[in-house]
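The structure appears right after this line, and notes come after that.
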Amino acid sequence: MKIGIFDSGIGGLSVLHQAMITMPEADYIFYADVDNVPYGEKTKEEVRKLVDHAVGFLVDKGCQAIVLACNTATSAAISYLRDKYKLPIIGIEPAVKPAVEHTSESGRRVMVVSTPVTARGEKLKKLVDKYDDKHIVDVVALPKLVRFAQDDDFNSKNVQEYLKSQFESYNLNDYSELVLGCTHFNYFKDSFEKLFPDDLEMVDGNTGVANNLKNTVIKNGIFTEADKGKKGTVEYYYSDRKMESPAEMEHIKKLHERLERMRQI
Ligand code: DGL
């Protein structure tokens, strides 16, 4: 069983990381479109064209299901891709619903952080309208954070200062839930933790997406008896180039290690 996992960059590794825990039997192909990251600063049409290319590449590699491990790509392109490709395509969107539900205990507010494309997209607006009947959800775009992540800069003074400046007009003590509406933001959980109250809950969609992927491949007969008990493999592509050198693989290993630490927060 071959599964494609796509992101504009290293953010999607957080989804792959969780998928490998939830469904270790699969052979994964991870595709990060590093030649074109960040997507969050492009137009919807530009994003759609790039994701279309990457999904076509993964289909040609034999993937039987594809995860768009990118809120921005999901927001801009999922309907188009589902019409065009005849295989299951699973998207990710900010986990607004569970975050709003959790506030019934705290009585406090929800902040959704994302890229600018996701923040101004129709998809997120509809999602917030659907669940925010108490008007407690604020959406904040953090345009530079994806670039920091791509530069392996996760908790430096620069990152802290950037976050502080973006949150300047908010009273962070008002929030009990922070929705990570961009997969790249998983790398910054320790930086967010320093700025928000101690009881902050950070909600990402990764477990939900991994469970959704597993249910989907079972339902579609992609996960078969022959896969049970198998130990899957992973191939990594940066745009259309396969990552193979020891230095590249070491870097990916380090990113997985960081993601594992962030997963425990
Ligand atoms: N990781 C992507 C997301 O979840 C966005 C990154 C980008 O701006 O390229 O939205």
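Residues: numbered from 1 along the sequence shown. The model shown is predicted, which means the values in this text are computed figures rather than measured ones. Both ligands and their constituent atoms are indexed starting at 1 by order of listing.
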Notebook entry, point to check: At a non-hydrogen distance cut-off of under 4.0 Å, which region of Cys70 contacts ligand 1 (side chain, backbone, both, or neither)?
Noted result: both

Notebook entry, point to check: Do any nitrogen or oxygen atoms of Glu41 lie less than 3.5 angstrom from nitrogen or oxygen atoms of ligand 1?
Noted result: no

Next item on the list: Indicate yes or no: does an N/O atom of Thr118 lie under 3.5 Å from an N/O atom of ligand 1?
Entry: no

Check: In this structure, which one of Ile252, Val37, Leu255, Leu259 forms a side chain to side chain contact (heavy atoms under 4.5 Å, CB included) with Ile10?
Finding: Leu255

Check: Mind checking whether Val146 has an N or O less than 3.5 Å away from an N or O of ligand 1?
Finding: no

Check: Counting each atom of ligand 1 from 1 as listed, which ones have a heavy atom of Asn71 under 4.0 Å away?
Finding: 3 (C), 4 (O), 10 (O)

Next item on the list: Please check if the distance between the ring centroids of Phe148 and Phe188 is under 6.0 Å.
Entry: no

Notebook entry, point to check: What is the closest protein heavy atom to atom 6 (C) of ligand 1, and at what distance does it sit?
Noted result: Ser8 OG, 3.2 Å

Note to self: I need the nearest protein heavy-atom contact for atom 5 (C) of ligand 1: residue, atom name and distance, please.
What the structure shows: Thr72 OG1, 3.5 Å

Check: Hey, is Asp7 touching ligand 1 through its side chain, its backbone, both or neither, going by heavy atoms under 4.0 Å?
Finding: side chain

Check: Aromatic rings Tyr39 and Phe6: how do their planes relate, parallel, tilted or perpendicular, breaks at 30° and 60°?
Finding: tilted

Note to self: Between Lys189 and Asp204 (salt bridge meaning N to carboxylate O under 4.0 Å), is one present in this structure?
What the structure shows: yes

Checklist line | Those atoms of ligand 1 less than 4.0 Å from some heavy atom in Val37 | finding: 9 (O)

Margin query: Does any N or O of ligand 1 fall below 3.5 Å from an N or O anywhere on Thr115, backbone included?
Written below: no

Check: In Å and rounded to the nearest 0.5 Å, what is the NZ to OG distance from Lys123 to Ser79?
Finding: 6.5 Å

Check: Can you tell me how far OH of Tyr236 sits from NE2 of His251, rounded to the nearest 0.5 angstrom?
Finding: 12.0 Å

Note to self: Return the closest protein heavy atom for atom 8 (O) of ligand 1 as residue, atom name and distance.
What the structure shows: Gly40 N, 2.8 Å

Notebook entry, point to check: Looking only at side chains, do His17 and Asn206 share a donor and an acceptor under 3.5 Å apart?
Noted result: no

Checklist line | Aromatic ring proximity Phe167/Phe196, centre distance under 6.0 Å | finding: yes

